[in-house]
Asker: 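Before I ask anything, here is the structure I am working with.
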There are 2 protein chains.
Amino acid sequence: MAGVSKKTVSRVINDSPLVRGETREAVKAIIRETGFAPDPQARGLAFRRAFLVGLIYDNPNPQHTVSHQQGLLDAFQGSGFELVVRPVDRTSPRRLDDIRSFVERQKPFGVVLPSPVSEDEALVALLKELDCRYVRIASVPLDEPDRMVVSHDGEGAAQAARHLADLGHRRIALISGPPNFRSSHERRKGFEAGLAERGLSLDPALVRQGGYTYETGVEAARELLALKDRPTAVFALNDEMAAGAYTSAHAAGLNVPAELSVVGFDDAPIAARLWPPMTSVRLPLRDMGRLAGELLVPTVQRQPVLHDVQPELIVRASTAAFPTS
Amino acid sequence: MAGVSKKTVSRVINDSPLVRGETREAVKAIIRETGFAPDPQARGLAFRRAFLVGLIYDNPNPQHTVSHQQGLLDAFQGSGFELVVRPVDRTSPRRLDDIRSFVERQKPFGVVLPSPVSEDEALVALLKELDCRYVRIASVPLDEPDRMVVSHDGEGAAQAARHLADLGHRRIALISGPPNFRSSHERRKGFEAGLAERGLSLDPALVRQGGYTYETGVEAARELLALKDRPTAVFALNDEMAAGAYTSAHAAGLNVPAELSVVGFDDAPIAARLWPPMTSVRLPLRDMGRLAGELLVPTVQRQPVLHDVQPELIVRASTAAFPTS
DNA sequence: GCACCTAATGATACCGGTGTCATTTTCATT
DNA sequence: AATGAAAATGACACCGGTATCATTAGGTGC
């Protein structure tokens with residue numbers, strides 16, 4: 001090496017304050033010249049902590065997973081952290097053993113839990129027991145602020161409600177989500193709040209429960225459209241079910257948006273590809289991943305640090321004024 | 001420990017032949033009882049090779065990425081390997097430096113390259129230079145067999161061709177893909193071969209080049225449907241473009257499938273959610289990932305080892321006999 | 001029963017960093 | 001210039017495994 005001991009180089013790399021500015025610069029110069037980079041394995045061994053972050057997901061929507069990955073990696077840029085993926089089956093009891101062995105063996109620096117895994121309190125309890133850092137991504141605060149990325153699904157749903165109300169709709173149906181998803185409650189609450197702002201309320205007769213799947217959306221919409229006094233608009237709590245509503249509208253011979261306005265949630269790729277292109281609430285998934293990453297690891301902070309994210313209503317062609325001119 | 005030295009335990013763990021059967025069993029028993037698992041960091045440090053596999057992808061289709069991840073993890077079950085994800089921008093020259101620093105620093109056991117990254121010969125050359133194991137996933141053999149998972153896209157396209165031909169279609173259009181994707185050529189060649197089997201050939205006037213995106217599909221189909229003697233069926237080389245064909249059919253007031261049959265490729269989630277549900281060629285993405293994983297790492301081989309994968313035509317409602325009754 | 005060869009095991013260094021604590025340097029104070 | 005405290009640096013053990021090579025155990029031939 002160039003003048004100093006192994007340990008001093010180590011100090012420079014780890015930003016220890018115990019190095020003279022002069023020495024520090026000299027070492028840094030050598031590091032730049034030689035392109036030296038410490039071995040993560042050896043560092044991890046000595047630290048008893050790997051420079052890995054786990055993404056533990058169980059999301060039927062691949063778009064979510066990939067966007068979160070992207071965002072996390074945005075945050076890890078240049079920090080030397082790697083992202084390892086761990087799909088789990090949230091319904092399987094084995095998931096806890098899987099995660100336990102993962103954490104105990106790999107000693108990851110931390111893990112990220114997107115919804116719906118973020119709502120798995122048994123899993124979170126396990127992580128606490130194992131003293132493993134984590135950040136949850138969910139529609140609502142479930143934990144201390146610096147362990148949470150909150151997507152404010154309610155606000156997005158409220159935007160959808162205001163949009164439909166402002167278009168003149170009064171008979172607005174809701175296809176809700178599975179009760180064991182927090183997002184389902186948040187979106188519904190937000191939707192009702194948005195309606196209330198416009199002096200409307202949700203008619204219980206126009207609510208059907210779905211399961212966040214295409215098939216349940218088809219069925220729920222089929223029932224709603226078969227009502228004597230059928231709704232003029234329907235809000236589905238995710239795009240899969242909204243796509244199902246399209247299908248049932250087609251089956252019933254109803255034109256979207258002339259006879260039925262449809263709004264979805266997620267702005268999945270499918271939203272823009274259906275005919276007519278669907279109005280939907282977009283979540284900034286990549287930014288959410290990035291925020292989670294920034295909360296978890298000591299970021300190099302090249303890019304501005306995010307502090308919050310907000311959903312956004314993307315208005316396309318599946319919503320029209322009622323009564324239609 | 002229980003009777004033997006550190007090194008002997010190490011030998012047992014690494015399946016060294018230099019241990020007496022008796023000793024081996026004794027050590028294994030203790031390992032089972034105590035649930036001992038070697039530290040991957042330490043092992044990696046000593047081996048100068050991490051127990052990580054990188055997935056280097058640049059695929060606009062999140063379904064592909066997530067399915068490949070699933071398959072790889074299927075293969076890694078119990079092997080102690082972890083999957084780390086590395087999205088790259090295949091058009092950026094920086095990608096090579098990114099991957100070089102990843103491989104040099106992390107020393108991954110190997111990497112998996114799904115299409116289109118698998119066709120990036122500069123990147124593959126780099127991996128060879130770095131002496132990094134890799135497996136490519138592509139539509140056609142590009143390398144030694146044990147470094148390749150071949151998806152036989154041509155055969156899938158041929159199935160689509162035979163299907164349309166057997167339905168009585170004669171004026172069959174093709175929306176091709178970008179020329180810098182091997183899959184684009186393979187699918188096209190396979191499609192022509194399938195037509196030839198039925199005594200048909202592709203009319204150059206009915207071919208439009210697309211770019212594997214929704215928008216290019218819209219445009220290509222728009223042109224095709226505006227022809228004086230318009231096609232009765234169209235095969236798009238991926239589902240995104242096929243969705244675009246739906247859009248243009250809607251815009252032209254044409255009914256699918258009565259006036260236009262449409263077949264896509266990939267069987268993306270969107271295929272089943274469009275109206276009418278779309279016929280498409282399904283690639284066994286998860287199996288492809290699993291096969292790649294089995295080729296790369298010494299698998300525990302609990303599940304049967306895969307040797308090949310084949311595409312499959314999923315017939316839905318976007319294709320009908322012509323002339324329509 | 002002894003020499004001898006092979007199979008099985010162990011002692012020790014080492015992988016590439018970090019923690020601890022002793023040592024040296026620096027610099028303000030007297 | 002001597003003193004002492006604080007700041008900077010280095011020596012060495014250690015993280016938890018594996019490689020190398022020496023050593024011991026076990027079996028064979030005569």
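Order of the sequence lines sets the chain letters (A, B, ...), proteins ahead of strands, with each chain counted from 1.
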Asker: Using a heavy-atom cut-off of under 4.0 Å over every strand shown, decide if P40(A) touches base, sugar-phosphate, or nothing.
Answerer: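 The answer is nothing, as P40(A) stays clear of every strand by at least 4.0 Å.
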Asker: Looking at Q69(B) and V85(A), would you say the former's side chain and the latter's main chain have a donor-acceptor pair under 3.5 Å?
Answerer: no
Asker: Has T8(A) got a side-chain N or O lying under 4.0 Å from the OP1 or OP2 atom of dT9(D)?
Answerer: no
Asker: Take the protein atom CZ of R48(B) and the nucleotide atom P of dA19(D), then report the distance between them rounded to whole Å.
Answerer: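 It is 8 Å, rounded to the nearest whole Å.
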Asker: Among V297(A), L296(A), L127(A), which residue satisfies the side-chain contact (heavy atoms from CB on, under 4.5 Å) criterion with R133(A)?
Answerer: L296(A)
Asker: N14(B) CG to dT20(D) P: how many Å, rounded?
Answerer: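 Between P of dT20(D) and CG of N14(B): 13 Å.
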Asker: Using whole Å, report how far CD of Q41(A) lies from P of dC14(D).
Answerer: 23 Å
Asker: Grab the CG-C1' distance between L18(A) and dT24(C) for me, whole Å please.
Answerer: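 Whole-Å distance recorded here is 14 Å.
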Asker: Rounded to whole angstrom units, what separation is found between the CZ atom of R49(B) and the P atom of dC14(C)?
Answerer: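 About 23 Å, once rounded to whole Å.
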Asker: Rounding to an integer number of Å, can you tell me how far E22(A) CD sits from dT25(C) P?
Answerer: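 The distance from CD of E22(A) to P of dT25(C) comes to 15 Å, rounded to the nearest Å.
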Asker: Rounded to whole Å, how long is the line connecting atom CG of D39(B) with atom C1' of dC15(C)?
Answerer: 13 Å
Asker: Report yes if a side-chain nitrogen or oxygen of R20(B) is closer than 4.0 Å to either non-bridging phosphate oxygen (OP1 or OP2) of dA7(C); otherwise report no.
Answerer: no
Asker: Tell me the closest heavy-atom pair linking G44(A) and F51(A), and the distance in Å.
Answerer: N-CE1, 3.9 Å
Asker: What is the separation between atom CZ on F47(A) and atom C1' on dC15(C), rounded to the nearest whole Å?
Answerer: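 Atom-to-atom, F47(A) to dC15(C), this comes out as 17 Å.
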Asker: Please pick, from dG17(D), dT20(C), dA19(D), the nucleotide with the shortest atom-to-atom distance to any side-chain atom of K7(A).
Answerer: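 Nearest listed nucleotide: dT20(C).
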Asker: By nearest nucleotide on DNA chain C, pick out whichever of A46(B) and R24(B) is the more 5' one.
Answerer: R24(B)
Asker: Nearest 0.5 Å please: distance from the CZ atom of R100(A) over to the CG atom of L123(A).
Answerer: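 So the CZ of R100(A) and the CG of L123(A) are separated by 11.0 Å.
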Asker: R11(B) has a side chain; which of dT18(C), dG10(C), dT9(D) sits nearest to it?
Answerer: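 Closest of the options to the side chain of R11(B): dG10(C).
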Asker: So what does F36(B) hit on the nucleic acid, given a heavy-atom distance under 4.0 Å: a base, only sugar-phosphate, or nothing?
Answerer: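 Sugar-phosphate contact only - F36(B) comes under 4.0 Å of backbone atoms but never of a base.
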Asker: Could you tell me whether the side chain of S115(B) reaches within less than 4.5 Å of the side chain of I137(B), counting heavy atoms only?
Answerer: no
Asker: Need to verify one output field. Residue with the more 5' nearest nucleotide on DNA chain C, R43(A) or T23(B)?
Answerer: T23(B)
Asker: Please evaluate the base of dG16(C) for a donor-acceptor partner in the side chain of K6(A) within a cut-off of under 3.5 Å?
Answerer: no
